[in-house]
Amino acid sequence: MAKILVTGGAGYIGSHTCVELLNSGHEVVVLDNLSNSSEESLTRVKALTSKYLDFVEGDILDQQILDQIFAAHAVDAVIHFAGLKAVGESQQIPLAYFDNNIAGTISLAKAMERAGVFRLVFSSSATVYDEANISPLNEGMPTGMPSNNYGYTKLIAEQLLQKLAAADARWSIALLRYFNPVGAHKSGCMGEDPQGIPNNLMPYVTQVAVGRREKLAIFGNDYDTPDGTGVRDYIHVVDLANAHLCALNNRLKNSGCRAWNIGTGKGSSVLEVVKTFEQVNGIPVSYAFSPRREGDVATSFADNARAVAELGWQPKYSLEDMLADSWNWQKRNPNGYRK
Ligand code: NAD
Ligand code: UDP
């Protein structure tokens, strides 16, 4: 069993990963500045697992805090979720994105090097792939120049980490390229809790269903897809969390830097998501078609064969499970983690 530093562990994917880590017997230290989360998520992690975790409120850009954490804990590996993730916002305040996502990753790697900790699992994204690639996307395909600053920060962070591992064989780094994380813990106690108007499809759908928003705008129904709406690879957040444990095990045995797609390999259209949500949960979702969103591609889904073969990971949950679990979380917590 290992001791894992989880940056951004109070967030959506981080908190679900903490549950899986603790349930597998690992020890967890979370570093999070709570800029996009609340400590309540960690209270629920502890309640669900009946396990203890250490929480440090602080920033990955703060070298002193990082040094203190590594001095106080015998950390074996780091899972690095901390960062900003809103595509639209990244166009308005690029420096905040460069700082948190690029400088933050460098800051963390510097502190790890000082502490002699060289195993790292990094949250990357399918957005790093060149838009000209045709799905299913595999890790051998070229990366491109993402059309927004958020995607750009993920690409640069990936490249920095690749160069770091190439220069120094002590490093062992996993780049996990997530497709579209959705769903929530089966208990309904934990889930995605976006602040303000959701950017992503799933929290928008659940907020319309619960009556917090009037209508979903479906961005484009004239794409070259079976029903004209965008196709994405939705992956249950618990399957995604478990991919981190598999990547961690792989990194304990190997050096270098390697990328893995984390998706189901199955594409679903926006209309399919909405209709399946209505069927599975027996609740209507009001929607209207609106123009395409700038920067969106028609279709993106994963070839996940490398993760299945090399990590021994297998997604377990169907789209129906994802939509049932997202709704279970939303209806039990209409205002997310806020009272
Ligand atoms: P999230 O916002 O819920 O979690 C990120 C956490 O990091 C938050 O708790 C936030 O408070 C914390 N944080 C941000 N900047 C920090 C800093 N400088 N220092 C310390 N803590 C900081 O997001 P998420 O959906 O859980 O995403 C986790 C990671 O996965 C992010 O790096 C994100 O870019 C990446 N990712 C997410 C998606 C997605 O659709 N959710 C897709 C691909 C990649
Ligand atoms: N989408 C939509 N309405 C919304 C949000 C998203 O129609 O309010 C569509 C979007 O155009 C894309 C899919 O849903 O086809 C997934 O979008 P999301 O922002 O969740 O993830 P992305 O794949 O863009 O990272």
Side-chain angles (χ1 to χ4, degrees), residues 6-17 30-39 41-42 56-62 65-66 79-88 90 96-97 99-101 103-105 107-108 121-128 146 148 150-151 153-154 157 175-182 191-195 197-205 207-208 213 215-221 223 225 229-235 237 240-241 244 262-263 267-274 287-301 336:
V6 182
T7 74
Y12 172 45
I13 306 167
S15 58
H16 285 82
T17 304
V30 167
L31 172 64
D32 199 303
N33 65 5
L34 303 181
S35 62
N36 196 39
S37 54
S38 104
E39 205 180 333
S41 64
L42 296 176
V56 179
E57 184 173 345
D59 203 293
I60 51 169
L61 285 156
D62 185 335
I65 283 193
L66 287 166
I79 306 183
H80 177 34
F81 294 106
L84 302 179
K85 64 164 184 177
V87 169
S90 77
Y97 278 71
D99 219 17
N100 277 274
N101 297 5
T105 300
S107 166
L108 175 66
V121 179
F122 174 67
S123 297
S124 187
S125 165
T127 189
V128 300
N148 61 75
Y150 165 72
T153 63
K154 289 291 170 191
L175 308 174
L176 298 188
R177 294 176 177 166
Y178 310 160
F179 279 69
N180 289 61
V182 297
E192 186 170 12
D193 183 22
Q195 306 193 347
I197 301 170
N199 298 298
N200 296 110
L201 178 64
M202 189 49 52
Y204 211 107
V205 167
Q207 290 193 10
V208 170
R213 317 224 165 251
K215 204 176 267 213
L216 169 74
I218 295 187
F219 299 141
N221 62 345
Y223 284 109
T225 60
T229 64
V231 168
R232 297 289 183 277
D233 185 339
Y234 297 94
I235 171 90
V237 67
L240 176 57
H244 292 78
I262 308 296
S268 306
S269 74
V270 179
L271 267 181
E272 198 182 335
V273 167
V274 171
Y287 66 84
F289 294 117
S290 70
R292 292 180 180 193
R293 183 172 65 180
E294 209 188 313
D296 274 359
V297 294
T299 301
S300 168
F301 62 94

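Numbering of ligands and ligand atoms starts at 1, following listing order. Residues take their numbers from the sequence shown, with the count starting at 1.
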Enquirer: Within the distance-only criterion (no hydrogens, no angle test), does the side chain of Thr229 pair as donor or acceptor with the backbone N or O of Leu271 below 3.5 angstrom?
Expert: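 Answer holds: yes.
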
Enquirer: Can you tell me the protein heavy atom closest to atom 17 (O) of ligand 2 and the distance?
Expert: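 In this structure, atom 17 (O) of ligand 2 has Arg293 NH2, 3.5 Å as its nearest protein heavy atom.
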
Enquirer: If you measure every N or O of Leu216 against every N or O of ligand 2, does any of those distances drop under 3.5 Å?
Expert: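 No.
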
Enquirer: Which is closest to atom 30 (O) of ligand 1 by heavy-atom distance: Tyr178, Phe122, Phe81, Tyr97?
Expert: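 Among Tyr178, Phe122, Phe81, Tyr97, the closest heavy atom to atom 30 (O) of ligand 1 belongs to Tyr178.
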
Enquirer: Can you tell which part of Ala217 has a heavy atom less than 4.0 Å from ligand 2: side chain, backbone, both or neither?
Expert: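 The part of Ala217 near ligand 2 is the backbone, not the side chain.
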
Enquirer: Does Leu34 approach ligand 1 within less than 4.0 angstrom via side chain, backbone, both or neither, non-hydrogen atoms only?
Expert: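 It is the backbone that gets close, since no side chain atom is under 4.0 Å.
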
Enquirer: Among protein heavy atoms, which sits nearest to atom 15 (N) of ligand 1, and what does the distance come to when rounded to 0.1 Å?
Expert: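 Heavy-atom neighbour on the protein nearest atom 15 (N) of ligand 1: Asn100 OD1, 3.4 Å.
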
Enquirer: With heavy atoms of Asn199 as the reference, note each atom of ligand 2 found under 4.0 Å away.
Expert: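 Going through ligand 2 atom by atom, the ones under 4.0 Å from Asn199 are 5 (C), 19 (O).
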
Enquirer: Considering only non-hydrogen protein atoms, determine which one is nearest to atom 23 (O) of ligand 2 and report residue, atom name and distance to 0.1 Å.
Expert: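 That would be Arg232 NE, 2.7 Å.
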
Enquirer: Out of Phe219, Phe289, Tyr234, who is nearest to atom 13 (C) of ligand 2 when you count heavy atoms only?
Expert: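 Nearest heavy atom to atom 13 (C) of ligand 2 lies in Tyr234.
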
Enquirer: Provide, to 0.1 Å, the distance between atom 25 (O) of ligand 2 and the closest protein heavy atom, together with that atom's residue and name.
Expert: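 The protein heavy atom lying closest is Asn180 ND2, 4.0 Å.
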
Enquirer: So for Gly58, does at least one of its heavy atoms come nearer than 4.0 angstrom to any atom of ligand 1?
Expert: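 True for this residue.
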
Enquirer: Determine whether any heavy atom of Thr7 lies closer than 4.0 Å to an atom of ligand 1.
Expert: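 Not so, Thr7 does not reach ligand 1.
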
Enquirer: Looking only at protein heavy atoms, which one is nearest to atom 11 (O) of ligand 2, and how far off is it?
Expert: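 Looking at atom 11 (O) of ligand 2, the protein heavy atom closest to it is Asp296 OD2, 2.6 Å.
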
Enquirer: For ligand 2 and Leu201, I'd like to know whether there is a polar contact (N/O to N/O, distance under 3.5 Å).
Expert: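 Checking ligand 2 against Leu201, an N or O pair does fall under 3.5 Å apart.
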
Enquirer: Which bit of Val270 is near ligand 2, meaning a heavy atom under 4.0 Å away: side chain, backbone, both or neither?
Expert: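 Contact part for Val270 vs ligand 2: side chain (C-beta onward).
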
Enquirer: Is the closest N or O pair between Tyr204 and ligand 2 shorter than 3.5 Å?
Expert: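 Between Tyr204 and ligand 2, no N or O pair is found under 3.5 Å apart.
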
Enquirer: May I ask you to decide if the ring planes of Phe122 and His80 are parallel, tilted or perpendicular, using 30° and 60° as cut-offs?
Expert: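 Plane angle between 30° and 60°, so tilted.
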
Enquirer: Heavy atom under 4.0 Å from ligand 1: found in Lys154's side chain, backbone, both, or neither?
Expert: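 Within the 4.0 Å criterion, Lys154 contacts ligand 1 through side-chain atoms alone.
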
Enquirer: Relative to atom 4 (O) of ligand 1, which among Ala96, Ser123, Gly11 owns the nearest non-hydrogen atom?
Expert: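 That would be Gly11.
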
